[in-house]
Each structure stands twice: as structure tokens, then as C-alpha cells.
Protein chains: 2
Amino acid sequence: MNVMNASPRRKELTRLAAQLFVQEGFDRTTVRMLAQEMGIKSGSLFHHFRDKQEILAAVIEEGTENALVIARDALARCDSSASARLHAMARAHLETLLTDRNAHVVALYEWRRLDSEARAHLSHLRDAYEALWEEVIDEALAEGLVHGDRFLVSRFVMGALNWTVRWYDPEGTRTPDELADELVAMITRSASTP
Amino acid sequence: MNVMNASPRRKELTRLAAQLFVQEGFDRTTVRMLAQEMGIKSGSLFHHFRDKQEILAAVIEEGTENALVIARDALARCDSSASARLHAMARAHLETLLTDRNAHVVALYEWRRLDSEARAHLSHLRDAYEALWEEVIDEALAEGLVHGDRFLVSRFVMGALNWTVRWYDPEGTRTPDELADELVAMITRSASTP
DNA sequence: CATTCAACCAAGCAAGCGCTAGTGTGAATG
DNA sequence: CATTCACACTAGCGCTTGCTTGGTTGAATG
């Protein structure tokens, strides 16, 4: 078994697992289902993963790492005004959420199935990501673009964004970018210094 | 087995089940665990419920019906300004969400475990509840209290509110009402006609 | 007093679960 | 040519799962 997510076989298995975990849920997805999807026998899975838990951890790790990379890229690429950074962050969030959808739905729904070991490791990744958000929100607050409590604002915004996986239709007319801009508009429109 | 949630034994079982489903998840909660919690044997459960699915449906039905009642009450009790109704609706939402927390967490997390029969029935309840929201949002839009697309605004708001079950600490300093008011303030503050 | 009935129990079945042990490949490596 | 290595297979163990069956209570009902 590999420590990293390096092997191509393992990467493909992780992708398939994410899909199955979304369709069936983690507990209802059996190792035999995943094996069949891959075209191998169930026992062979344990050459790539120590146990079923490790498959779940791999799925979530993949998604969260992607989110971090994309968010950092987006922030590095845009200009430094608070408004631009807020837009960039919201767009990046929805981009990962909706393209890498399976992994993120698993992260949102099956987080509690992680054992404490994996959870500790992945908490760090998630915290790093949320720190980016709080930074951007802080800047928006400082410029008077948004009002309210820093903690509450960031939770509300992330809630609104994460909830999209429940109703957003990729085949519909709205792009993720439009969605992100609408949300930012909703919380910043006509905000004047009180 | 009863068709209604009438029997006291069944009501108590539903309450205990909600608690277990939150702690362990639906799939990991065995009928033996629930039975032991109730102080009976596992086989006796099937006198009260046809199968395990029906227990899940009962939990979710209970929660959703409560939400509807509380929201309707709150709307009937407040004055008719768009602002008052928006505040009332947000407060009512958080009140149910955080007092009847177990049932709602189950509804949010384990909805997909329902079979299609139960899902059809419960969808109606949920739709009736969401219709209340869209009505209130419509009024807020008409008065220029909020801006944007009616569909998007209601999704964003419900997302922000539902997300609270993930981070809100009932032992903390903030009351649910304060939370609701903060959110309404965030999306309405200084909104001027464009 | 006979009957009914909700509520429970004891015992267990059939199916499915995660995972292991031991073995066999064909390709790359020294 | 010998060895290693990633990858896969067969076969099944030990356990848990949801649920069923047939029978037993104690209280209410007529």
C-alpha cells in the first residue's frame, strides 16, 4: 500500500470511490461494489488501501487539497482590492465545489465517518482553507464592504456556498461564477458606512 | 404497528432514534442499539415500526412538521411589514433547527437514505415549508429590502441558516434570535433602490 | 369470566460485511 | 538469469446485520 496518493491505480480508485460514496453513502458502499466498478476482485483493493477508512480519507484529502490550491491561485491572480479578493474567493469556492463535486459532497456528508487519526490530519487542511476565507472577510470588513461580526459573516457565507451542492444544476443556465457574484452582491450591495 | 406517530412508546422510540442517528449515522445505528437504549429486545421494535426505514421516516416527519407549525405561528403572530416577517421567519427557522436539533440534523444528513415512497410523502411537507420562505422573500424583494433573484436569495439564506447546525454552540453567548437578526442585517443593511 | 390486544421476549435465519492468507503473474531491474 | 515488485486472484473466516417466527404477559374490555 502506498502512503501517498501517487499510484495511478490508486488515484482512479479514489475517483470511483468518491462517485460511489455520493450515490450510496459511505456505509452502504461495499468494497465489493468498488472492486467491481474497477474491474477487479474485492480482495485486491487492500493492496492499494490499508482498509476502507483509508479510501474515505483519500477521497476527502484529494478534494480539500484541490480547494486550497485553487483558492490560493485565485487570490494570487487577482488585484488586491477587498472587493476583487472577495469575488475571487467566492468564485474559486464554487468552482472547486461544483467541478470536484463528488469529493466535496463526501467531505461534507461523511466527515464523521473518519477515524480520529485521519480527522486530525484533514482538519489541518480544512483549517488552512478557512483561514483564507477569514482573511478575505477581514479585509472586506475593514473597507466597509460588509458589516457584522467576522466569525458570523464567514460562517454564513460558507454556509450559503456549500449549500449549493444540494440544488445547483450544472445543466442549468447559471454558471458558478454568476452564482458567486450574486452572493457577493447580496451581502455587499449599497453597503454604506453607518 | 401504528400508521400515525400516535403511540407514546413510538414517540419515545422516535426521539431516541433521532439522537442515535445523529451520533452514529443512520446506517451505523443498529436496531439492537436502539432497542437497548429503550430497554427492550431488538425484535420488539418491529411491533412499532414495519422496518428500519420507517423509523427514519418518522424522525424526519416529526421534525419537518414541527418546523411548519412554528413558522406558521411566527408569521401569524408578527405584523405585516416585510421586514418583520423576514425577521420572524429567520428566527423561527433557527428556533426549530436548534431546539429540535436532532431531528433536523437527521433530515439534512440522511434524507437520501429514505426510500422513494417515504421521500415522496416528506417532499410535500418540505415544499410547503420552503413555499413559506419564498413568499416572505418575495415581499422583501417587492419592498426593496433585499435585491437579487428570488430563487437564489432564498437558497442562499436557507443555506446560511441550515449550516449553523455545523458550528453553533448552544452553550455559547449568542442566542438563536441574535443569529437570525445578524443574518437578516447582513443581507438588508443599507440596501437602497439602485 | 372469557376475550382481546398492545407490548414484549427468546431464538435464530439468511445474507452480507470487511478483511486476511496464501498464491500466481508478467514486466521491470540488478 | 535471478530477483524484485506491483498487481491481481481464490477462497473463505468470523462476525454483524435487519428481520421473522411463535409464543408469553398483564391490563383493559364486553
Side-chain angles (χ1 to χ4, degrees), chain A residues 1-60 106 110 112-119, chain B residues 1-60 106 110 112-119:
Chain A
M1 72 226 87
N2 297 307
V3 178
M4 285 290 295
N5 267 15
S7 140
R9 296 298 277 174
R10 186 174 153 125
K11 262 208 146 65
E12 174 66 2
L13 279 169
T14 305
R15 206 185 56 80
L16 288 175
Q19 190 179 318
L20 282 173
F21 290 168
V22 169
Q23 279 169 27
E24 312 283 334
F26 175 68
D27 291 319
R28 286 180 122 78
T29 302
T30 69
V31 294
R32 288 170 234 262
M33 291 165 76
L34 177 56
Q36 188 175 18
E37 206 77 6
M38 190 69 175
I40 61 179
K41 299 295 172 184
S42 71
S44 309
L45 278 179
F46 298 91
H47 171 72
H48 302 278
F49 300 92
R50 197 181 321 124
D51 53 25
K52 200 187 168 193
Q53 282 271 342
E54 199 180 272
I55 308 181
L56 177 60
V59 168
I60 297 184
V106 172
E110 314 281 4
R112 294 172 311 163
R113 267 54 167 182
L114 291 169
D115 56 29
S116 55
E117 186 186 355
R119 187 155 18 190
Chain B
M1 74 228 83
N2 297 308
V3 177
M4 285 290 294
N5 268 16
S7 140
R9 294 299 277 172
R10 186 174 153 125
K11 263 209 145 67
E12 175 66 4
L13 279 168
T14 305
R15 205 186 57 81
L16 288 175
Q19 190 179 318
L20 282 172
F21 291 167
V22 169
Q23 279 170 27
E24 310 283 334
F26 175 68
D27 291 319
R28 286 181 123 78
T29 302
T30 69
V31 292
R32 287 170 233 265
M33 290 163 79
L34 177 55
Q36 188 175 19
E37 206 76 9
M38 190 67 175
I40 61 179
K41 298 296 171 181
S42 72
S44 309
L45 279 179
F46 297 92
H47 171 74
H48 301 278
F49 300 93
R50 197 181 319 122
D51 52 26
K52 199 187 168 191
Q53 282 271 340
E54 202 180 90
I55 308 180
L56 177 60
V59 168
I60 297 184
V106 171
E110 315 280 5
R112 294 172 310 166
R113 267 54 167 182
L114 291 169
D115 55 30
S116 53
E117 186 186 355
R119 188 158 15 193

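Fair warning: this is a prediction, and the values are worked out from it, not measured in the lab. Letters A, B, ... mirror the listed sequences (proteins, then strands); counts begin at 1.
- Listed nucleotides dA6(D), dC9(D), dC9(C) differ in distance to S44(A); the shortest reach to its side chain belongs to dC9(D).
- Atoms CG (L56(A)) and C1' (dG18(C)) sit 15 Å apart, rounded to a whole Å.
- Legend: residues meeting side-chain hydrogen bond (donor to acceptor under 3.5 Å, both in side chains) with R28(B), ordered by chain and number and at least two apart, are D27(A).
- When the P atom of dT16(D) is taken as reference, atom CZ of R28(B) falls 14 Å away, rounded to whole Å.
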Between the protein and nucleotides 11-15 of chain D, which nitrogen or oxygen pairs are less than 3.5 angstrom apart?
none

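- Residues L114(A) and A118(A) share a closest heavy-atom pair of CD2-CB, 4.1 Å.
- Shown here for A17(A) and L34(A), the closest heavy-atom pair between the two residues is N-CD1, 3.8 Å.
- A heavy-atom distance below 4.5 Å is not found between the side chains of L13(A) and R10(A).
- Which of dG18(C), dC8(C), dG18(D) sits closest to the side chain of F46(B) comes down to dG18(D).
- In this structure, L45(B) places its CG atom 12 Å from P of dT20(D), rounding to the nearest Å.
- For the OP1/OP2 pair of dA7(C) and a distance below 4.0 Å, the side-chain nitrogens and oxygens of H47(B) include at least one atom meeting the criterion.
- Under the side-chain contact (heavy atoms from CB on, under 4.5 Å) criterion, V22(B) pairs with N102(B), V105(B), V106(B), not counting sequence neighbours.
- Per the geometry, CD belonging to E12(A) stands 11 Å off P belonging to dA8(D), to the nearest Å.
- For DNA chain D, no neighbouring residue in residues 16-25 of chain A is found when judged by any heavy atom under 4.0 Å.
- Surrounding CD of Q36(B) are at most 12 heavy atoms belonging to other residues, nucleotides or ligands under 6.0 Å away.
- Remark: E12(B) engages R15(B), L16(B), M38(B) in a side-chain contact (heavy atoms from CB on, under 4.5 Å) (not counting sequence neighbours).
- Taking the side chain as every heavy atom from C-beta outward, I40(B) and H47(B) never approach each other to under 4.5 Å.
- Each of dC7(D), dA7(C), dC19(C) was ranked by its minimum atom distance to the side chain of K52(A); first place goes to dC19(C).
- Look at CG on L34(A): it is 13 Å from P on dC17(C), rounded to the nearest Å.
- Once rounded to the nearest 0.5 Å, the distance linking NE2 of H48(A) with NZ of K11(A) reads 14.0 Å.
- At whole-Å resolution of the value, CE in M33(A) and P in dC17(C) are 8 Å apart.
- Among dC9(D), dC9(C), dA6(D), the nucleotide with an atom closest to any side-chain atom of K41(A) is dC9(D).
- Here M33(B) contributes atom CE and F21(B) contributes atom CZ; the two are 10.0 Å apart, rounded to the nearest 0.5 Å.
- The side chain of R10(A) contributes no N or O atom lying less than 4.0 Å from OP1 or OP2 of dA6(D).
- Distance CD (E54(B)) to P (dG18(D)): 15 Å, rounded to an integer number of Å.
- With E110(B) contributing its side chain and L56(B) its backbone, the two residues share no donor-acceptor pair below 3.5 Å.
- Closest heavy-atom contact between E37(A) and L20(A): CB-CD1, 4.4 Å.
- Atom CD1 in I40(B) sits roughly 12 Å away from atom C1' in dA6(C) (whole-Å rounding).
- The nucleotide whose nearest atom lies closest to any side-chain atom of H48(A) is, among dC9(C), dC19(D), dC7(D), dC7(D).
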**OP:** Mark up nucleotides 22-27 of chain D, 5' to 3', with B wherever a protein heavy atom is under 4.0 angstrom from a base atom, S wherever such an atom reaches only the sugar-phosphate, and - elsewhere.
**Re:** ------
